[in-house]
J.: 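Structure below; questions to follow.
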Amino acid sequence: MTADPFSILRIEDMLVLDVEVVNLEREGARLVREDPDAPALLLVRLPSQHVNESVLSNGQFPETVAAFAAAPSTLVFLLPDGEDGIDLTIDALLDWNRLTPSIAPANQPLDDPNQATVIGGLPRTAIEFPTRVLLGHDHDGSPFAWSEPLTEPVALDGRAELWHVELHGDNGGPVHLKAFSTPSRRPERTGMPLGRFMPGELLVRSSLDAFVDVDGTSLRRPLLADPFMLTPLGATVHISGSWPKAPEFLGLSLAGYEQISSLGRDEFVHTVRQGFLSSGHRASLVETTKRSYDDPGDLTSVAYLRKEAHIVVDQAEVTYGAEAGYDRHEGRQLPFRSIRLTDLVTPAIDPGEGAFWVTVGGVPFPFHATATDAEDRHVSMDMPLVFASVDALDRMAQVYNDPATADRANLGLGGQTVALAENPSADGSTGMPVTSARFALTPASGHPARALPAMVDAVARVPAVEQLTGLATETAVRLHDAYLEQGLDGQPTGAFLQLVDALPMNLSAEKAGGLAKPSMAVQAVTTRAGLLAPQFLGAAGDAVGVDAAALTRIFGGTKLLGPIDLAALLADVPATSVAELRDLGEDEIRRRLDGVSQELLPVPLMRIGNLPDGSGSELRYVWKPRLRNDLPLLDLGDAALVLEATTVRSPDALSKSAVRGELRRFAFEFADIVRVDFERLTFTARPGNKPDVTAAGVALTFRNDLEFVNRLREALPANVFGTGAFVDVTTSGVTAGYSLTLPTLSLGLFNLSNVALSARLTIPFDDRPARFRFAVCERQNPFNISVSLFGGGGFFALEVSTRGIEQIEGSLEFGGNASLDLGVASGGVHLMAGIAFQMTGDAVALTGYLRCGGYLSVLGIVSVTVEFYLALAYHKNNGICEVVGQGSVTVSVRVAFFSKSVSLSLERRFAGSAGDPSFADCVDPDDWDEYCLAFAPTP
């Protein structure tokens with residue numbers, strides 16, 4: 001019958017051992033094997049060998065500190081083969097070198113997860129040190145031996161030495177141990193010298209041969225202990241381990257471990273865990289816990305455990321780009337070729353485990369770095385970073401990209417010039433002053449860190465935007481999808497940035513060519529087309545055709561010659577025209593803009609570049625759009641529009657602009673009553689010079705009801721705006737015209753004098769419409785006409801604009817006077833009549849009058865005077881017509897000294913149909929419903 005457990009107790013040296021046997025029964029003073037064919041075991045259980053004590057922060061001096069004792073440790077021995085028993089004496093029971101240790105076999109799991117020491121059907125030696133780590137002899141076959149057992153107390157001067165036993169390696173050197181198991185069902189502890197993942201790391205690193213390097217060599221290394229002493233009060237141990245760097249996909253982060261304990265109490269714990277910073281640099285988390293003796297101020301001395309953690313950068317410089325291992329975009333999402341960290345060791349950081357922001361006193365630690373951009377420019381910056389141990393790399397991106405800490409990923413660059421894109425063609429710099437840039441971690445399965453930084457957006461001073469706005473403004477930008485997908489050479493426009501918020505481009509007519517006021521929303525920053533509307537680019541940067549509807553959305557506010565909506569005149573832009581931008585050099589652009597070339601530039605180009613002599617930068621806006629002829633007011637069947645503006649800004653912020661705009665072969669058609677044909681209308685403005693407007697091949701043709709005026713054209717020069725024309729240029733627009741006074745004309749009985757013909761075309765620079773005015777004399781200066789005894793005068797004026805007829809007015813007045821004197825009697829008659837017409841918008845006014853009268857005098861004694869006046873006026877305004885008539889008759893009679901006058905007058909107003917009340921105004925709706933229901937059939 002198996003012997004019952006028993007204990008070995010010795011008060012003098014505090015020896016305390018609990019003994020349990022397997023397959024051994026007691027026979028007198030011996031333990032004898034029961035089954036000769038079964039293994040016989042001796043299990044010696046020691047008291048707890050380690051106390052897990054909480055770590056305190058500096059400045060803390062509590063009276064008590066949380067501490068947790070490890071479970072008892074068990075040494076398991078097998079009775080050697082051929083021996084049938086063991087004596088029940090202290091000497092025999094403590095002579096462990098004569099017994100065979102039960103060692104945990106290599107790479108063999110536990111029989112039962114709930115029994116942490118049973119493997120292969122046998123209990124194994126398990127020394128719990130440190131807490132929650134079960135140590136045993138290593139299975140590599142290295143020699144080991146127990147020290148001579150203290151079978152008797154060792155006393156000196158009346159005091160006994162504490163019982164102890166020490167495990168030695170070969171020739172008294174370090175003993176090889178391994179962590180082969182971890183106890184389960186223990187409550188979680190925090191704030192201890194070793195983190196909660198350390199037991200598992202120690203087990204994997206020191207016990208499992210399954211983890212091998214890429215060349216097949218084992219990554220396992222045993223733990224080395226010297227000394228390794230067990231006592232009733234705890235272990236006195238100096239144990240350490242060092243392991244080679246493992247491939248990151250294995251998830252093994254522990255690289256170094258060292259622990260010194262005396263009688264179960266820690267004095268020094270040091271761990272090194274490999275990992276990566278969020279910038280992709282290899283780094284290690286070095287944690288050191290020491291027992292320090294402090295004076296809390298009450299003349300006592302206490303010893304607490306204090307921990308310090310540091311990040312040590314193992315790889316000072318990381319290169320990025322196509323070979324870095326990004327999953328997408330070949331690394332173009334980061335505008336740096338490399339980043340070098342100059343802070344290789346941090347000060348003491350706040351505690352962290354797994355993946356965490358590196359902070360000091362709760363504030364992110366700024367790793368100083370020097371980055372190299374795509375143009376070999378060095379950029380200095382401070383980078384808060386996340387550290388993730390190798391076993392927590394999957395959580396690094398989640399921590400870094402957490403919106404709650406987004407401000408830490410926003411790096412201030414202080415306006416340093418940074419090339420935000422790689423430009424292999426070198427056809428333009430992508431560098432610009434950057435105030436700040438916000439980063440995020442993006443998957444990079446080809447890199448050991450599994451994630452690498454990418455620029456989300458930036459705040460920069462974009463030269464093209466500054467040239468456009470004329471202000472040194474900061475703009476939020478991000479890398480363009482086209483650049484990320486294809487780079488710069490893989491797309492026609494070279495788009496590399498996209499404005500986060502579309503920028504309204506509202507160039508005044510003075511800046512964009514005088515004839516048109518371009519207005520569109522630009523969002524793409526390109527190397528070949530400058531600022532560009534996003535509709536011209538596909539998601540992958542391919543050229544996209546833009547139809548009329550899309551052009552309306554792009555250029556919806558663009559005005560031509562005042563209020564004409566240019567978007568309504570733009571023809572579809574085919575994808576081939578956008579693709580042409582790839583090979584569109586300056587010489588080809590100039591050829592298309594100059595001369596009579598029919599080739600177009602349907603995509604507006606806004607290019608920015610530095611002047612060759614380094615005297616400043618230049619912004620060029622050029623456009624030669626494809627036009628369609630759908631607007632009734634303009635005939636653009638063979639027209640060509642050229643807009644070109646160049647702004648040069650010197651380093652002292654002075655700007656000089658040169659502008660040229662030209663509209664060829666077009667005609668205005670005003671209200672189908674007059675047509676003005678232009679061969680060419682040109683606007684030019686150069687620094688220091690007055691803007692110049694010239695027109696060539698201008699011809700006026702009157703139509704329909706005013707066709708008779710064409711007979712007067714013979715009195716006009718062939719080119720209205722040629723020699724003798726006036727051109728006035730102001731900040732508000734251009735006025736060009738001609739005025740001619742005709743000589744007196746005698747045509748039979750007619751005599752026509754004081755006739756002046758004038759024509760004036762006004763092209764404003766603002767939103768006012770273009771206007772044309774033609775007049776035969778003016779209201780304040782009418783022409784004169786006489787026919788025999790009758791004479792009179794009048795004028796005619798026509799003003800039309802791109803919105804239609806603005807005003808038509810004219811008047812004609814005539815009259816005569818005749819007298820007769822017969823001596824005895826004298827008298828005379830007079831007659832005056834006139835008519836005037838005026839139309840302004842929808843308001844029409846027509847007035848006329850007739851005045852006639854006579855007088856008769858006989859011998860100066862009797863006289864009779866009769867005066868008749870009749871006036872008629874017609875007004876139409878807002879659809880309401882009204883006729884107003886006035887009449888009066890006055891008769892005066894004088895006989896000698898007696899006179900009498902009688903005057904009769906009347907006035908009548910007649911409203912037209914638009915002023916009459918409607919049926920709905922006269923009938924109440926309820927009465928009408930009642931009336932209709934009276935005729936409804938009876939159900």
Side-chain angles (χ1 to χ4, degrees), residues 705 708-709 744-756 775-797 807-840 843-877 881-912:
D705 295 339
F708 72 93
V709 182
T744 301
L745 301 177
S746 296
L747 304 174
L749 297 177
F750 289 89
N751 187 28
L752 190 64
S753 63
N754 196 34
V755 178
V776 180
C777 297
E778 297 290 346
R779 180 194 299 272
Q780 68 276 11
N781 189 20
F783 59 82
N784 298 322
I785 186 171
S786 62
V787 182
S788 185
L789 297 177
F790 297 94
F795 78 96
F796 172 80
Q807 186 180 59
I808 300 177
E809 61 177 344
S811 68
L812 183 63
E813 189 174 30
F814 62 91
N817 187 28
S819 61
L820 180 64
D821 188 352
L822 299 178
V824 177
S826 63
V829 294
H830 65 270
L831 174 67
M832 294 294 294
I835 184 171
F837 172 80
Q838 184 180 53
M839 182 178 73
T840 304
V844 178
L846 178 64
T847 60
Y849 74 92
L850 174 64
R851 174 177 291 171
C852 61
Y855 70 93
L856 177 63
S857 176
V858 180
L859 297 176
I861 300 173
V862 178
S863 63
V864 177
T865 302
V866 179
E867 181 77 19
F868 174 77
Y869 174 80
L870 176 63
L872 191 65
Y874 169 82
H875 300 278
K876 179 181 180 181
N877 194 7
C881 303
E882 184 180 39
V883 177
V884 179
Q886 291 179 328
S888 65
V889 177
T890 303
V891 179
S892 298
V893 178
R894 183 176 65 86
V895 178
F897 300 103
F898 172 80
S899 65
K900 181 67 173 178
S901 295
V902 177
S903 180
L904 301 176
S905 63
L906 62 87
E907 179 179 328
R908 291 290 185 268
R909 293 177 179 269
F910 305 93

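For the numbers below, each heavy atom of this structure counts, side chains included, while hydrogens, waters and symmetry mates do not. All figures in this text were calculated on a predicted structure; none of them were measured in a lab.
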J.: At their closest point, which heavy atom of Phe795 faces which heavy atom of Glu809, and how far apart are they?
T.: CE1-CG, 3.7 Å
J.: Mind checking the OG-CD spacing from Ser903 to Glu867? Nearest 0.5 Å is all I need.
T.: 10.0 Å
J.: Establish, from distance only, whether the side-chain atoms of Ser857 and Ser863 form a donor-acceptor pair under 3.5 Å.
T.: no
J.: So, for Ser901 and Ser892, which heavy atoms are closest and what is the spacing to 0.1 Å?
T.: OG-OG, 2.8 Å
